[in-house]
Amino acid sequence: MSSYDSFEDFPAPAPRISDLARVHGPDYLAGLNTEQRAAVEATEGPVLVLAGAGTGKTRVLTTRLAHILATGRAKPWELLVVTFTNKAAREMRERITAIIGPQAEGLRWLGTFHSVAAQVLRRHAELVGLKSNFTILDTDDQERLIKQVLEVENVDAKRWTPKTLAGLIDHWKNRGWTPDRLPANEGREFAAGKGQALYRLYQERLRVLNACDFGDLLLHNLTIFMSQPEVLAEFHRRFRYILVDEYQDTNVAQYLWLRLLGQASQNVCCVGDDDQSIYGWRGAEVDNILRFERDFPGATVVRLERNYRSTSHILAAASGLISANKGRLGKTLWTEQNGGEKVIVRGVWDGEAESRLIADEIERAKKGSTDKDPRKYRDMAILVRASFQMRAFEERFVLLSIPYTVVGGPRFFERAEIRDAHAYLRLIQSPDDDLAFERIVNTPKRGIGDTTVQKLLQIARLSGVPVMTAAREVVLTDELAARTRTALANFIRDLDRWRGQAETLHHARLTEQVLEESGYTDALRLDKTPTAQTRLENLKELVQSMGNFDTLQAYLEHVSLVMDMDRGPQADAVQIMTLHAAKGLEFPLVFLPGWEEGVFPSQRSMDESGEKGLEEERRLGYVGITRAREEARISFVANRMVYGRWTSQLPSRFVDELPLANVEASSETGYYGGGPGMQQQHGSSWDATPAFGSGYDSPGWQRAQARGYQGSHPGRQQVIQGEGRLVAESSAASDFKRGDRVFHQKFGYGQVKGVDGNKLTVAFEKAGDKKVIDSFVEKG
DNA sequence: CACCAAGGACTTTTT
DNA sequence: GTCCTTGGTG
């Protein structure tokens with residue numbers, strides 16, 4: 001009992017019902033629709049809230065919390081509130097604070113699954129053979145550790161890669177399987193049946209290092225809850241209400257965790273949307289949400305079906321697409337925003353044409369027109385299936401000076417230089433951190449090579465001591481060459497000195513000093529590449545961000561669980577991101593390029609997960625379309641460069657599944673598109689496409705054409721070209737004026753004599769007379 | 001031990 | 001096409 005005292009050690013006073021009622025009254029319920037209100041007020045027993053896209057899910061969650069608190073059903077620290085991402089947790093906390101005020105600080109158990117599980121584990125680490133100050137390894141550390149295990153076991157690490165095993169182990173942990181609970185047939189195919197043994201060895205190594213990986217946080221919780229009923233009972237008393245966001249994304253381990261914690265009170269409220277489950281590839285089980293009513297008998301099920309985000313055409317297009325999925329709980333979303341534009345779909349010639357088209361439309365939307373208000377760049381987003389699709393857009397935007405930001409990408413704390421700096425700090429804090437030692441013993445290069453490191457590792461392993469200890473002993477012998485020995489001794493001496501200073505020096509200052517004295521920053525300064533420049537800046541940013549934490553320990557704890565950092569205020573820029581990254585966001589105008597078989601739906605998804613994979617891809621499409629408030633534009637190409645190879649593409653089956661009543665072909669399609677009659681262009685970048693038109697005769701393209709998605713004008717486009725290379729491009733004939741020198745694919749150079757709508761009158765030097773043209777004009 | 005060339009991989013992404 | 005790892009050579 002006493003070990004839980006500190007649970008109540010929250011900074012804010014407990015909210016008093018009277019205060020809440022006085023300050024907020026019944027106000028917080030105002031403005032909710034009937035269903036939302038039902039979800040908020042169902043405070044007894046299990047509740048499943050099926051919240052369709054844009055139906056006010058977060059609002060319901062936060063209001064429900066406020067309601068439970070305001071009606072005195074629980075104290076803030078008696079609520080368990082779990083989300084998947086730090087961002088979601090942060091947002092939730094902010095929004096609750098807005099309703100209930102500073103008492104929200106008492107919400108001690110609001111966080112991600114992993115951060116809450118880490119808190120639980122710190123209390124009871126000894127029950128699974130860890131100390132409460134265990135370190136949390138990220139995927140990088142994890143893979144290096146697995147690599148070592150493979151080496152020790154003489155497994156051919158080329159045939160059986162650490163990555164593969166890491167993936168397997170992760171999969172097992174997601175399913176709640178410890179080495180002991182692993183089904184006999186699992187891991188058979190890895191390293192001639194050694195999978196299970198390797199898993200066991202890896203867990204053993206983790207325990208010795210007093211470390212755990214992300215999967216362990218939950219898995220150890222499960223082990224504790226299942227083997228120690230009195231510990232579980234404590235948490236049953238603790239958590240009177242449980243709230244779960246994005247329930248459709250929970251994996252088996254998380255599901256078991258929730259069920260164990262919720263079985264006593266039954267006050268489990270899960271919010272989610274089975275149609276937006278897009279993380280199956282990392283262990284999410286849509287099944288969890290599909291069978292909620294069986295798991296929690298007597299559950300109240302509330303469907304939020306009124307969408308406040310999108311127009312009816314957008315909603316209907318998305319609903320039509322998702323209706324092709326089987327095994328849904330089923331919802332009928334509706335909106336009062338009738339009309340609006342239909343979803344525009346079109347087929348274009350290749351990836352270049354696609355980015356050209358979208359960039360042009362962005363420029364046009366930015367400018368506005370007589371019937372449309374100008375849009376801000378930030379109100380437009382391009383949502384792609386895979387990041388390789390982003391490059392075409394970036395190149396185009398750079399060319400046209402359209403501001404853009406790529407959302408996602410490699411994250412701050414995962415960058416090599418940041419991880420290096422952390423490794424120094426970790427090693428200063430705990431000399432036994434072997435993984436940190438290995439990472440930086442020769443970073444920057446100080447003459448301690450692979451051979452030496454391997455030797456140290458071997459000695460450490462043989463005598464069962466940390467590598468640092470082994471190194472200390474080795475420098476006293478003559479086992480190493482004199483030069484190596486000196487380098488290693490200096491390294492150890494430096495670390496000891498920094499460790500001594502750590503007690504008095506602020507950790508931000510210490511970091512600065514370590515980076516300087518280790519030669520790390522010097523090495524970067526000598527490197528004149530732009531990358532090195534960025535890295536130096538990142539390190540500066542790191543030192544700055546450390547100032548927000550009281551102790552080094554607090555800082556390190558933060559970065560291991562919170563792998564993101566608040567980016568500064570968003571500039572006005574077009575947002576480019578993957579469909580996955582777009583979840584939870586919305587934009588007035590959304591572009592959905594690359595709807596081609598194999599790209600989207602992704603071939604790999606279908607190969608690896610068959611029908612299930614295809615359905616998840618379809619949900620991804622649903623998520624994509626429902627991000628749009630006012631306009632959604634889907635496109636697909638005939639030819640696409642993938643990893644340096646030209647491939648001919650077929651329109652995605654999802655294109656066929658869109659309800660015709662809610663989609664239309666763009667009136668300008670022909671401007672960019674290549675119809676079946678398109679001719680091969682010489683002297684342009686098109687020369688490089690060997691796959692000319694091959695897809696056009698296919699049933700897929702014929703269906704697309706029948707739906708009107710293909711341009712009726714065969715292959716018109718306008719290009720500005722210089723030195724044989726594409727340097728810029730015009731979007732319309734109106735970009736030309738009388739007197740401009742132009743180049744035409746067929747007629748050569750000429751001068752513009754007149755502009756009329758989309759037609760130019762040009763006097764060509766070679767042809768010797770004036771021609772009216774509407775295509776293939778390039779500024780010369 | 002450091003450097004360079006060749007070979008292979010390469011969805012999605014959180015914690 | 002690009003990035004990263006690995007293997008060979010100086």
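Labels below follow one simple rule: chain letters A, B, ... track the order of the sequence lines, proteins then strands, and each chain is numbered from 1.
- A side-chain donor-acceptor contact under 3.5 Å links A/S355 to the backbone of A/E352.
- Note on A/G215: nothing from the nucleic acid sits closer than 4.0 angstrom, heavy atoms only.
- Residues A/L579 and A/V623 form no side-chain contact, since every pair of their non-hydrogen atoms from C-beta on lies 4.5 Å or further apart.
- Partners of A/E617 under the side-chain contact (heavy atoms from CB on, under 4.5 Å) rule, at least two apart in sequence or in another chain, are A/R385, A/F600, A/P601, A/S602, A/S605, A/L620, A/F654.
- Judged as a salt bridge (charged side-chain N to carboxylate O under 4.0 Å, His left out), the pairs with a partner in residues 248-260 of chain A (not counting sequence neighbours) are, in order, A/D249-A/K583.
- The closest side-chain donor-acceptor pair between A/E394 and A/Y404 falls under 3.5 angstrom.
- Nucleotides of DNA chain C with any atom under 4.0 Å from a heavy atom of chain A span, from 5' to 3', C/dG1 to C/dG7.
- Here the side chain of A/D216 pairs no donor or acceptor atom with the backbone of A/L219 at under 3.5 angstrom.
- Under a 3.5 Å cut-off, the side chain of A/Q389 and the backbone N or O of A/A386 do form a donor-acceptor pair.
- In DNA chain B, the stems built from three or more successive Watson-Crick or G-U pairs (distances below 3.5 Å) are B:1-10 with C:1-10.
- Counting any heavy atom pair closer than 4.0 Å across all strands shown, A/I448 reaches sugar-phosphate atoms only and no base atom.
- Side-chain atoms of A/Y279 and A/N251 form no donor-acceptor pair, as typed in the model, at a separation below 3.5 Å.
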Report summary line: Per-nucleotide protein contact along nucleotides 8-14 of chain B, 5' to 3', at a 4.0 Å heavy-atom cut-off (B base, S sugar-phosphate only, - neither), is --BBBBB

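- Separation of atoms OG1 (A/T578) and CZ (A/F388) is listed at 12.5 Å; rounding is to 0.5 Å.
- By the side chain to side chain donor-acceptor pair (under 3.5 Å) test, A/S387 pairs with no residue at all, sequence neighbours left out.
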